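Fair warning: this is a prediction, and the values are worked out from it, not measured in the lab. Keep in mind that the numbers below use all heavy atoms, side chains included, and drop hydrogens, waters and symmetry copies. Chain identifiers are assigned alphabetically (A, B, ...) following the order of the sequence lines, protein sequences preceding nucleic acid strands; residue numbering begins at 1 within each chain.
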Amino acid sequence: MHVVLSRSPRGVCAQRLDDDGTARDVAQNVAEHDLPAFIGRLERERPRWVWDDTTRWYPQLLAAGLRLERCVDLRLSHAILRGSTLTAASRLARAPRGAWDAATPLADKPETHSALFDFAVEPAHGAGDSPLEEFLLQQEAIAASAEPGRISRLLAAESAGALIASEMKFAGLPWQAGLHEELLVELLGDRPAPGARPARLEELARRMREILQVSDVNPDSPAELLKTLRGTGLQVASTRSWELKEIDHPVIAPLLEYKKLARLLTANGWTWLETWVADGRFRADYVPGGTATGRWGASGGGALQLPKQIRGAVVADPGWKLVVADAAQLEPRILTALSADRRMAEAGRGDLYEGIVASGAVATRAQAKVAMLGAMYGATAGEGGRLMPALTRAFPQAIAMVEAAARAGERGEVVTTRLGRSSPVPGDEWRDLQQAGSAQDATEATRRAAGGQARSWGRFTRNFIVQGTAAEWALCWMAGLRGRLWQLGDGGLAERPHLVFFLHDEVIVHTPAELADRVVAELRAAASDAGRLIFGAMPVTFPITTAVVDNYGQAK
DNA sequence: GGGTCTTGCGCG
DNA sequence: AAAGCGCGCAAGACCC
């Protein structure tokens, strides 16, 4: 059973649907304040809740103590169906852009700007924009798809991800502000007055002045720093750390240390702590489907960029543990499964990179890693580029697949992940330049620019199929894990083992200590489920590394 | 003064 | 080891 929820000025409307899409009864109107009780009652029948945007419904339900098993997030589903080559012929994909193609989550927009429930505001969209009609249009597109099984799995995983994102924000990542502050004081000195440098940074700037024998140096301004360095005879093109590392000069060491600490101060210093940590929790805003490839984004707090320096401040509650798990060498394994390259699958029975060395393709594990990254990112120069021919000889099938994706992108074509997420179409500027570059009278410079741009888009599509399918795997992993964790405990969401962090191929589960071993088992089981769900009986394994720790800094 | 672009660096 | 993919954020630079 599906239950389609929508809001109108009169309250919430709930329409039950049978699995064939027919209305089970007359739609019910529910007052906003009765909604949690209403949903709680119906949840016992395990419906799939259908709503426009999870962020507009689920947070308040969580706050009321509910946890729902499954949903359809129409906005996220629409974005996938609209772009997917698997549903390109559907009415949904062929319709002109409308309210469901909004670039931002609906919750980010003021209510008055939403055309979804107030047809008078934007009559141009007509009544076809209602959640019920959109849902039926989506069902139609899925049913007519060449691969309904794949696309519906993707939509289920994407929607589960939306539930998880809301739940992780609700539960929060356990964060000890006191520990974080101790760390800052230890590395930077006491908290400075606003606008002033902490003692440690001031000291480093002073040493740099002495070494360079200048009256002033401002390492916070790349432009000024570049002038100062050049003024003292240093040949540098920029002030990037990786470039400075190559230079042999006494000022480099304190400068690099300054940069490292200044970064900590501005990105995750006292201000960050005050803004993002409250009541012992860091509550990040995750953005499911926030990137072209289907990876999540984050907005505010930099949840996906937590530097290793401060991970020690992520501490389990007393009597609880953190189970940190990541999928080992996920993207190369995804490439293996996508291409069904049996020799690469054989190499991946244990450590994939060691397996590649054993195959004779390259000499060292480090080379194997660089070569695989080169294959997935499209390296042309450097060691990655040099290793490509050997890798291609050893694993022709896998390499042919990413090469084909690159060639398609260079031609401006769309590529599609295993479950059906398609890459965006290149923009008008891209097409204009390609056209200009292939014209009879094109200048050499235009030809070169067009070629460079084509290859750049080819690197994007090459990577898209791997990164995008890896994102699908991670979503399936997490969705399965979420259900398994729920079965391990009793009570509300935060009283049972629950997800508190997700970073592309890595998750953290916060769990009562006595359940940690069972959480580890569920993590592994969910990983092999995910592999089967996406690739069927392919002989590719997705090993998980796990660590049961008191704080995140202890993992890895 | 405010908005947008650029630089640099954190994560995978 | 090199600078090839995907992101978000803060600060300075730059422009009006």
Side-chain angles (χ1 to χ4, degrees), chain A residues 195 218-227 236-246 255-256 258-269 271-272 275-276 284-287 289-311 326-332 334-335 362 364-388 402 405-406 409 415 417 421 423-424 452 455-471 473-474 501-507 552 556:
Chain A
N218 181 9
D220 294 319
S221 163
E224 282 183 46
L225 179 61
L226 195 58
K227 267 188 230 164
V236 281
S238 76
T239 64
R240 291 184 180 88
S241 292
W242 64 264
E243 188 177 342
L244 297 176
K245 273 181 197 135
E246 303 304 313
L255 175 52
L256 290 176
Y258 184 101
K259 280 173 161 284
K260 187 88 183 159
L261 293 175
R263 167 79 194 183
L264 175 65
L265 173 66
T266 57
N268 297 99
T271 310
W272 180 90
T275 311
W276 294 104
D285 250 317
Y286 292 98
V287 186
T291 75
T293 59
R295 274 190 176 179
W296 287 14
S299 104
L304 305 185
Q305 306 150 254
L306 288 181
K308 299 202 165 144
Q309 277 168 308
I310 59 165
R311 292 184 176 182
D326 77 86
Q329 304 149 350
L330 178 59
E331 292 195 353
I334 291 289
L335 170 56
V362 297
T364 66
R365 189 179 185 282
Q367 283 183 336
K369 192 171 175 177
V370 171
M372 283 305 293
L373 287 176
M376 294 185 298
Y377 293 162
T380 53
E383 190 180 6
R386 281 196 299 278
L387 291 168
M388 287 301 297
V402 285
V415 296
T417 59
R421 193 187 307 262
S423 62
R455 283 188 294 280
S456 171
W457 195 260
R459 287 193 299 275
F460 167 58
T461 52
R462 168 200 293 269
N463 185 246
F464 183 94
I465 54 171
V466 178
Q467 190 185 120
T469 304
W473 184 93
F501 191 62
F502 171 52
L503 186 52
H504 308 315
D505 60 1
E506 173 178 348
V507 298
Y552 190 17
K556 288 202 256 207

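- A 4.5 Å side-chain heavy-atom check between Thr266(A) and Asp220(A) finds every atom pair outside the cut-off.
- Protein chain A contacts DNA chain C from dA1(C) to dA13(C), reading 5' to 3' and using non-hydrogen atoms of the protein with a distance under 4.0 Å.
- Scanning DNA chain C for stems, defined as runs of 3 or more consecutive Watson-Crick or G-U wobble pairs whose donor-acceptor distances all fall under 3.5 Å, gives the following ranges: B:1-12 with C:5-16.
- At a threshold of 4.0 angstrom between heavy atoms, the contacts of Thr291(A) are confined to the sugar-phosphate backbone, with no base atom among them.
- Residue Ala292(A) is classed as a sugar-phosphate contact, given heavy-atom separations below 4.0 Å to backbone atoms only.
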- Message: Under the criterion side-chain contact (heavy atoms from CB on, under 4.5 Å), I'd like the reasoning laid out for Leu335(A) against Met372(A): C-alpha separation, chi angles, the key distance, then a yes or no.
- Response: CA-CA 10 Å; Leu335(A) 170 56; Met372(A) 283 305 293; 3.8 Å; yes
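- Backbone-only contact: Asp220(A) has heavy atoms under 4.0 Å from sugar-phosphate atoms and none from a base.
- For Ala405(A), the side chain to side chain contact (heavy atoms under 4.5 Å, CB included) partners are Val415(A), Ile465(A), not counting sequence neighbours.
- Residues that satisfy the side-chain hydrogen bond (donor to acceptor under 3.5 Å, both in side chains) test with Asp326(A), not counting sequence neighbours, are Thr545(A).
- With sequence neighbours excluded, the residues satisfying salt bridge (Lys or Arg N to Asp or Glu O under 4.0 Å) with Asp285(A) are Lys169(A).
- At a threshold of 4.0 angstrom between heavy atoms, the contacts of Gln467(A) include nucleobase atoms, whether or not backbone atoms are also involved.
- Within residues 455-463 of chain A, the residues approached by DNA chain C to less than 4.0 Å at the level of any non-hydrogen atom are Arg459(A), Phe460(A), Asn463(A), in residue-number order.
- With sequence neighbours excluded, no residue forms a side-chain hydrogen bond (donor to acceptor under 3.5 Å, both in side chains) with Asn268(A).
- For the pair Lys259(A)/Thr239(A), a side-chain contact is recorded, criterion being any heavy-atom separation below 4.5 Å from C-beta on.
- Checked against side-chain hydrogen bond (donor to acceptor under 3.5 Å, both in side chains), Glu331(A) has the following partners two or more places apart in sequence or in another chain: Arg295(A).
- Nearest-nucleotide positions on DNA chain C place Glu331(A) closer to the 5' end than the other of Glu331(A) and Ala298(A).
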- Per-nucleotide protein contact string for nucleotides 1-10 of chain B (B base, S sugar-phosphate only, - none; heavy atom under 4.0 Å): ------SBBB
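- DNA chain C is contacted by both Gly301(A) and Ala379(A); Ala379(A) maps to the nucleotide lying nearer its 5′ end (nearest heavy atom per residue).
- Within 4.0 Å (heavy atoms only), Ala303(A) reaches no atom of the nucleic acid at all.
- For residues 458-471 of chain A, every residue pair satisfying the salt bridge (charged side-chain N to carboxylate O under 4.0 Å, His left out) rule, not counting sequence neighbours, is listed here: Glu403(A)-Arg462(A).
- When atom types are taken as modelled, the side chain of Glu243(A) and the backbone of Val236(A) share no donor-acceptor pair closer than 3.5 angstrom.
- Residues passing the side chain to side chain contact (heavy atoms under 4.5 Å, CB included) test with Glu224(A), sequence neighbours excluded: Asn218(A), Ser221(A).
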Donor-acceptor contacts, no H, no angles, side chain residues 299-309 of chain A, under 3.5 Å, sequence neighbours left out:
none

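- In this structure, the side chains of Pro424(A) and Phe464(A) come closer than 4.5 Å at one or more pairs of heavy atoms.
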